[in-house]
Number of protein chains: 2
Amino acid sequence: MLTITIYDVAREANVSMATVSRVVNGNQNVKPATRQKVLAVIERLDYRPNAVARGLASKKTKTVGVIIPDISNVFYAELVRGIEDIATMYRYNIILTNSDQQEDKEVQLLSTLLSKQVDGVVMMSDEISSEMLHEMNRATVPIVLAGTVETSNSFPSVNIEYHDAAVDAVNRLIKNGHKRIAFVSGSIDSTITKLYKVSGYERALNEASIEIDTDLIVGVNNTYDDGLVAWDQLRELKDPPTAFFAGNDEIAIGLIHGAQDNGLRVPEDIEVMSFENSKLTRMVRPQLTSVVLPLYDIGAVSMRLLTKHMNKENIEENNVILPYWIEERKSVK
Amino acid sequence: MLTITIYDVAREANVSMATVSRVVNGNQNVKPATRQKVLAVIERLDYRPNAVARGLASKKTKTVGVIIPDISNVFYAELVRGIEDIATMYRYNIILTNSDQQEDKEVQLLSTLLSKQVDGVVMMSDEISSEMLHEMNRATVPIVLAGTVETSNSFPSVNIEYHDAAVDAVNRLIKNGHKRIAFVSGSIDSTITKLYKVSGYERALNEASIEIDTDLIVGVNNTYDDGLVAWDQLRELKDPPTAFFAGNDEIAIGLIHGAQDNGLRVPEDIEVMSFENSKLTRMVRPQLTSVVLPLYDIGAVSMRLLTKHMNKENIEENNVILPYWIEERKSVK
DNA sequence: ATGAAAGCGCTAACAG
DNA sequence: CTGTTAGCGCTTTCAT
């Protein structure tokens, strides 16, 4: 299994390894004739540069680390696809890791990524622990936060205006005459949910002079079943909600099915506004009206932002805010 | 940004770098006292081994490549999660790449993975082109096929008995009295679909003496919309199908909604059998009856098989067949 | 335009 | 149990 190296190519082509290195790296300081000669030998020997050796010598690996909670969740998968596409465009590969939202695992993942000498990291997390922040600050390569906020804004990031989006979403429901509007969300203690979404929900109610009932704010996990469970819990209330603002599409669908399984119609009897806009929105009846969280774009822009840092390009805006809007479908009148 | 190396640790601890290397690698041939001393210095200097240098010296990178069609598709995301979990267990990281099912891209991805010196590769593909096979044979590291068949069986693989599964699925529909059963699937020209699923479909019909009508076999893509479109196409037939065998869950849901949007009831008027059993099966009404394709397990077992090859362990079975079954829910009576 | 040589940070004999 | 010494395959000055 003798691997053929740059040295073999050099010998066969009667040039120095430096010259081979130059043609491999597209350096212009090579006479066309010798370039051809070298290229021919590379072809003949089927030479393939060893990226590990290259990484050691150049201190650049052309690979970036990605830390997300769980790739089997469409939510994050969409984000990763955005990251990957832009990474490919800039000739980077990605090492993908799942944190399952565990703080200690996040720290450890970042640590191994750094030991693997990634050129940068894109990460998404509900909540950045102080240990994680410490590890992040130790890093000598850029780290960008995708769809996650770190309150001091000391790291590059890409997000939307979650607060405004929540206000708009709830206003949409208020406009339809609802007074009893529930907010059902996962990651209820995460920075984004707590600081931005809940506050947006409350602000909209306040502005409409609707009393805030904490019974109507329910924290669950992010799955379909949680939507179902939340429905069951909420309908027990003496004065149950007539409209729901869901933290994501799966929860929204659970809520809808909960209602339908109880003989209620959506949107005639119950209205549901979601917050995600994955492809699932179209796969329910009625189709989901949802705030658009552009996950693919958040991933893509995050990766682009990361390349700018890695290349030490000029950065106009280090904390990017992407636009959002509400995609009207059939779960809200 | 001076990086601290094994050499710095050695100097500070008054030992040779070999000793530091030994403690870092858990080699037992180190006196406990010196081990403690070295560990203390590592802690103090915040030393972190450079995996790239280690990779160059040891010719092992502890990272494996993964080639799949598209991570934003739950189907593949589930597979990747299985791969990742086992990889983590064996201390490997994964470089994730998307081929979008393009042959040239697959070849190129494999090539860059190999140049990055991955210790092995897990890949999934509808169809392995001859160029790809050639590139695979060039590889000096093990490659395992997850949920994909290469007819010569010359590579390790993990699959289920697609043919038998298709026969069972269609028999289930025949048992309910259907004579007009459609097969709607994506990747219709892929090895698995063509050789195993279609043949299973035909076999079941033949055994029940039901005539095969090629109008009832429709090749589409793998999305929800394709299910909708296929429905519209099939209902135009003078003698339209009363039951459907769908290639995956999204198609199945499209078919169901197509029927429901036309005022038909599932399963009373129309029955639908799926083939995947993702979490989507529970997120429709009626919930989907489906053949269980254990994607997570296929990923996990593939990765485990890969570790066996990488460690040169003894391999009992190189072409693993996992069990399948039909999960009964409500879309089939 | 090309070559020589010094590392990059670590592993792995080998010697003692 | 510990140290010495070669590399691993490539990039990158520095000469020429």
Side-chain angles (χ1 to χ4, degrees), chain A residues 1-39 41-42 45-63 91 112 114-119 140-141, chain B residues 1-39 41-42 45-63 91 112 114-119 140-141:
Chain A
M1 206 77 61
L2 74 175
T3 69
I4 80 125
T5 73
I6 199 174
Y7 194 77
D8 299 313
V9 176
R11 181 170 27 72
E12 292 289 311
N14 283 311
V15 295
S16 72
M17 55 185 294
T19 298
V20 177
S21 176
R22 287 190 187 99
V23 347
V24 167
N25 291 296
N27 185 316
Q28 288 309 303
N29 294 334
V30 181
K31 202 198 311 180
T34 66
R35 177 189 305 284
Q36 292 314 317
K37 187 172 56 175
V38 172
L39 251 17
V41 175
I42 286 178
L45 299 190
D46 204 11
Y47 167 69
R48 183 184 283 151
N50 180 324
V52 171
R54 198 193 291 228
L56 182 57
S58 70
K59 292 174 171 294
K60 300 216 158 317
T61 56
K62 279 290 182 181
T63 111
R91 310 238 113 85
T112 72
L114 295 176
S115 82
K116 293 222 169 173
Q117 314 301 119
V118 294
D119 295 337
T140 57
V141 295
Chain B
M1 206 78 61
L2 75 174
T3 71
I4 80 126
T5 74
I6 200 175
Y7 194 77
D8 300 313
V9 175
R11 182 170 26 73
E12 292 289 310
N14 283 312
V15 295
S16 72
M17 55 185 295
T19 297
V20 178
S21 176
R22 287 190 187 96
V23 347
V24 167
N25 292 295
N27 186 316
Q28 289 307 303
N29 295 332
V30 180
K31 199 198 311 179
T34 67
R35 176 188 306 284
Q36 292 315 316
K37 187 172 56 174
V38 171
L39 252 17
V41 175
I42 286 179
L45 299 190
D46 204 12
Y47 167 69
R48 182 184 284 150
N50 180 326
V52 172
R54 199 194 291 227
L56 182 57
S58 70
K59 291 173 171 298
K60 296 209 161 323
T61 55
K62 279 292 184 178
T63 110
R91 309 238 115 85
T112 71
L114 296 176
S115 82
K116 293 221 169 174
Q117 313 302 117
V118 293
D119 295 337
T140 57
V141 296

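Sequence lines set the chain letters: A, B, ... in the order given, protein chains first and strands last, and positions in each chain run from 1.
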Please identify each residue that fulfils side-chain hydrogen bond (donor to acceptor under 3.5 Å, both in side chains) with [X], with sequence neighbours left out.
| X | answer |
| --- | --- |
| A:T63 | none |
| A:S21 | A:N25 |
| A:Q117 | none |
| B:N50 | none |

Q: Report yes if some heavy atom in the side chain of A:V141 is under 4.5 Å from a heavy atom in the side chain of A:D119; otherwise report no.
A: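 Side-chain contact under 4.5 Å: no.
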Check the distance between [N]'s [atom2] and [X]'s [atom1] and give it to me in whole angstrom.
| X | N | atom1 | atom2 | answer |
| --- | --- | --- | --- | --- |
| B:N27 | C:dT11 | CG | P | 11 Å |
| A:K59 | C:dG9 | NZ | C1' | 8 Å |
| B:I4 | C:dG9 | CD1 | P | 11 Å |
| B:K60 | C:dA12 | NZ | C1' | 13 Å |

**Q.** Minimum-distance nucleotide to A:N29 side chain [options: C:dT11, C:dC8, C:dT2]
**A.** C:dT2
Q. How do B:M17 and B:L56 order along DNA chain D: which one's closest nucleotide is nearer the 5' end?
A. B:M17
Q.
Quick check on DNA chain D: between B:V30 and A:V24, whose nearest nucleotide comes earlier from the 5' end?
A. B:V30
Q.
Is the phosphate of C:dC10 approached by B:S21 (side-chain N or O, under 4.0 Å from OP1 or OP2)?
A. no
Q: Kindly say if B:R54 contacts the phosphate of C:dG9, meaning a side-chain N or O under 4.0 Å from OP1 or OP2.
A: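 For C:dG9, OP1/OP2 do not have a side-chain N/O of B:R54 under 4.0 Å.
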(Q) Reading DNA chain D in the 5' to 3' direction, which nucleotide is the first one with an atom under 4.0 Å from a heavy atom of chain B, and which is the last? (A)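 Both ends considered, the range comes out as D:dC1 to D:dG9.
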By side chain to side chain contact (heavy atoms under 4.5 Å, CB included), which residues pair with [X], not counting sequence neighbours?
| X | answer |
| --- | --- |
| B:R48 | A:S111, A:L114, A:S115, A:E135, A:R138 |
| A:D8 | A:I4, A:T5, A:R11, A:L45 |
| B:A57 | none |
| A:V24 | A:V20, A:I42, A:Y47, A:P49, A:R54 |

(Q) So if I apply the side chain to side chain contact (heavy atoms under 4.5 Å, CB included) rule between B:V9 and each of B:V38, B:T19, B:V15, B:L39, which one comes out positive? (A) B:V38
Q.
Let me test you: for the helix from C:dA1-D:dT16 to C:dG16-D:dC1, what is the angle between the axes at its two ends (five pairs each), rounded to 10 degrees?
A.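 Axis angle across the helix from C:dA1-D:dT16 to C:dG16-D:dC1, nearest 10°: 30°.
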Q: Not counting sequence neighbours, list each pair that qualifies as a salt bridge (Lys or Arg N to Asp or Glu O under 4.0 Å) and has a residue in residues 23-38 of chain A.
A: none
Q. In residues 5-15 of chain A, which residues come under 4.0 Å of DNA chain D by heavy atom?
A.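 The answer is A:T5, A:I6.
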